[in-house]
K.L.:
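Right, I'll just put the structure down here and ask away after.
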Amino acid sequence: MQIALDQARAAQARGEVPVGAVIVRAGEVIAQAGNRTLAEHDPTAHAELLAIRQAAAMLGSERLTDCDLYVTLEPCAMCAAAISFARIRRLYYGASDAKGGAVENGVRFFSSPACHHRPEVYGGLSESESGELLKAFFRARR
């Protein structure tokens, strides 16, 4: 989770919402990213999607069945769907997102009958540090 937090800080330094993601396979980091929606002019350039794309390219497969994703913020509906389609084995996230989250909050994507794959989900890892990064970022913008 520390690497995900480092990616979130790097995103913040670029003026992006500070969210970072890391994909691990067999104890090895195979992908890492921070939000890049502003830099890439791409509303889908969330940290999770960028990390999933990197991992899939590195493994030469769209299926990441033996991979775990660490992300600093509860994934949104778009990212939750991508996690499901990629067949991520486990999802670990930091701060809950009552407004935009789609795992434990909102649409609860993995509980939907439309969801084909449900990863194991573990929330609250480095929750206070992840949450404080986001709070400080949005405080500074107001």
Side-chain angles (χ1 to χ4, degrees), residues 1-112 114-141:
M1 189 56 111
Q2 275 311 125
I3 297 169
L5 285 163
D6 291 343
Q7 287 293 323
R9 287 185 200 95
Q12 182 176 23
R14 295 189 302 273
E16 303 274 1
V17 175
V19 177
V22 174
I23 295 181
V24 175
R25 179 179 184 228
E28 178 185 346
V29 173
I30 63 167
Q32 55 186 302
N35 274 358
R36 297 191 65 80
T37 59
L38 299 174
E40 296 189 12
H41 308 288
D42 180 355
T44 70
H46 289 197
E48 301 96 318
L49 291 181
L50 296 173
I52 287 170
R53 290 174 188 152
Q54 284 178 24
M58 187 258 200
L59 296 176
S61 175
E62 75 282 7
R63 300 285 188 247
L64 306 176
T65 56
D66 55 353
C67 296
D68 301 331
L69 171 65
Y70 294 79
V71 61
T72 58
L73 181 65
E74 177 183 356
C76 69
M78 174 181 67
C79 292
I83 290 164
S84 177
F85 287 128
R87 306 298 196 264
I88 296 283
R89 177 178 53 186
R90 292 184 198 105
L91 166 65
Y92 300 90
Y93 70 87
S96 292
D97 186 354
K99 189 172 182 179
V103 176
E104 304 282 333
N105 292 287
V107 299
R108 298 177 187 230
F109 184 81
F110 300 132
S111 298
S112 166
C115 179
H116 298 290
H117 168 76
R118 293 164 181 81
E120 294 175 33
V121 176
Y122 304 92
L125 270 69
S126 301
E127 182 175 20
S128 57
E129 192 172 356
S130 297
E132 190 48 48
L133 268 174
L134 288 157
K135 288 176 192 169
F137 175 81
F138 287 111
R139 247 192 328 264
R141 296 191 80 144

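Just so it is clear, the structure is predicted and the values come from calculations on it, not from any experiment.
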K.L.:
Calculate, to the nearest 0.5 Å, the distance between atoms CD1 and OH belonging to Ile3 and Tyr70 respectively.
P.N.:
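One gets 10.0 Å once the value is rounded to the nearest 0.5 Å.
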K.L.:
Show me the pairs that pass ring-ring contact (aromatic ring centres under 6.0 Å, His included) and involve residues 39-61, at least two apart or across chains.
P.N.:
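Listed once each, the pairs would be none.
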K.L.:
Side chains of Leu59 and Cys67: does their closest heavy-atom pair fall under 4.5 Å?
P.N.:
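Leu59 reaches Cys67 side chain to side chain.
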K.L.:
Would you mind listing every salt bridge (Lys or Arg N to Asp or Glu O under 4.0 Å) that reaches into residues 44-58, with sequence neighbours excluded?
P.N.:
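Qualifying pairs, neighbours excluded: none.
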K.L.:
Enumerate the residue pairs fulfilling side chain to side chain donor-acceptor pair (under 3.5 Å) with a member in residues 18-28, sequence neighbours excluded, ordered by first and then second residue.
P.N.:
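Matches after skipping sequence neighbours: Arg25-Asp66.
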K.L.:
Do other residues, nucleotides or ligands put more than 12 heavy atoms under 6.0 Å from the CZ atom of Phe137?
P.N.:
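Buried by this count: over 12 neighbours within 6.0 Å.
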K.L.:
List the atom of Ala33, the atom of Ala47, and the distance in Å for their closest heavy-atom pair.
P.N.:
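Looking at all heavy atoms of both residues, the closest pair is O-CB, 3.6 Å.
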K.L.:
Less than 3.5 Å apart, which donor and acceptor atoms pair up between the side chains of residues 92-102 and the rest of the protein, not counting sequence neighbours?
P.N.:
from  : atom 1 : to     : atom 2 : distance (Å)
Asp97 : OD1    : Lys99  : N      : 3.2
Asp97 : OD1    : Gly100 : N      : 2.9

K.L.:
Taking all non-hydrogen atoms of both residues, which atom of Val19 and which atom of Ala11 are closest, and how far apart?
P.N.:
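Heavy atoms of Val19 and Ala11 come nearest at O-CB, 4.2 Å.
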K.L.:
Under 3.5 Å, side chain of Asn35 to main-chain N/O of Pro18, donor-acceptor pair present?
P.N.:
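Not confirmed, Asn35 side chain does not pair with Pro18 backbone.
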K.L.:
Can you run down the salt bridge (Lys or Arg N to Asp or Glu O under 4.0 Å) pairs that involve residues 122-138, sequence neighbours left out, and say none if there aren't any?
P.N.:
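Qualifying pairs, neighbours excluded: Arg9-Glu129, Glu132-Arg139.
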K.L.:
Could you tell me whether a side-chain N or O of Thr72 sits under 3.5 Å from a main-chain N or O of Gly20, the two making a donor and an acceptor?
P.N.:
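It does hold such a pair.
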K.L.:
Under 3.5 Å, is there a donor-acceptor pair between the side chain of His117 and the main chain of Ile88?
P.N.:
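Yes, His117 side chain to Ile88 backbone: donor-acceptor pair under 3.5 Å.
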K.L.:
Can you tell me how far apart CG (Leu50) and OG1 (Thr44) are? Round to the nearest 0.5 Å.
P.N.:
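Reported to 0.5 Å precision, the distance equals 7.5 Å.
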K.L.:
Checking the side chain of Glu104 only, and the main-chain atoms of Gly123 only, is there a donor and an acceptor separated by less than 3.5 Å?
P.N.:
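Looks like no, no N/O pair under 3.5 Å.
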K.L.:
I need the minimum non-hydrogen distance between Glu74 and Val103, along with the two atoms involved.
P.N.:
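Minimum heavy-atom separation between Glu74 and Val103: OE2-N, 3.0 Å.
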K.L.:
Could you check whether any side-chain heavy atom of Leu91 comes within less than 4.5 Å of a side-chain heavy atom of Phe110, counting everything from C-beta outward?
P.N.:
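Yes, at least one pair of side-chain atoms sits under 4.5 Å.
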K.L.:
Would you check if the side chain of Arg118 reaches a backbone N or O of Ser84 as a donor-acceptor pair within less than 3.5 Å?
P.N.:
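It does not hold such a pair.
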K.L.:
Who pairs with Arg90 by side chain to side chain donor-acceptor pair (under 3.5 Å), at least two apart in sequence or on another chain?
P.N.:
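Scan of Arg90 (side chain to side chain donor-acceptor pair (under 3.5 Å), adjacent residues dropped) gives Asp68, Glu120.
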K.L.:
Quick one, Arg36 with Asp42, criterion side-chain contact (heavy atoms from CB on, under 4.5 Å). Give me CA distance, side-chain angles, the key distance, then yes/no.
P.N.:
CA-CA 8 Å; Arg36 297 191 65 80; Asp42 180 355; over 6 Å; no
K.L.:
Quick check: closest heavy atoms across Ala80 and Pro75, and the distance to 0.1 Å?
P.N.:
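Minimum heavy-atom separation between Ala80 and Pro75: N-CB, 4.1 Å.
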K.L.:
Roughly how far, to the nearest 0.5 Å, is the CG atom of Leu69 from the CD1 atom of Ile83?
P.N.:
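So the gap between those two atoms works out to 5.0 Å.
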K.L.:
Please report the C-alpha distance between Arg14 and Leu38 in whole Å, then the side-chain angles of each, then the deciding distance to 0.1 Å, and finally whether the side-chain contact (heavy atoms from CB on, under 4.5 Å) criterion is met.
P.N.:
CA-CA 9 Å; Arg14 295 189 302 273; Leu38 299 174; over 6 Å; no
K.L.:
Write down the atom of Thr37, the atom of Pro43, and the distance for their closest heavy-atom approach.
P.N.:
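Shortest heavy-atom contact: CG2-O, 4.0 Å.
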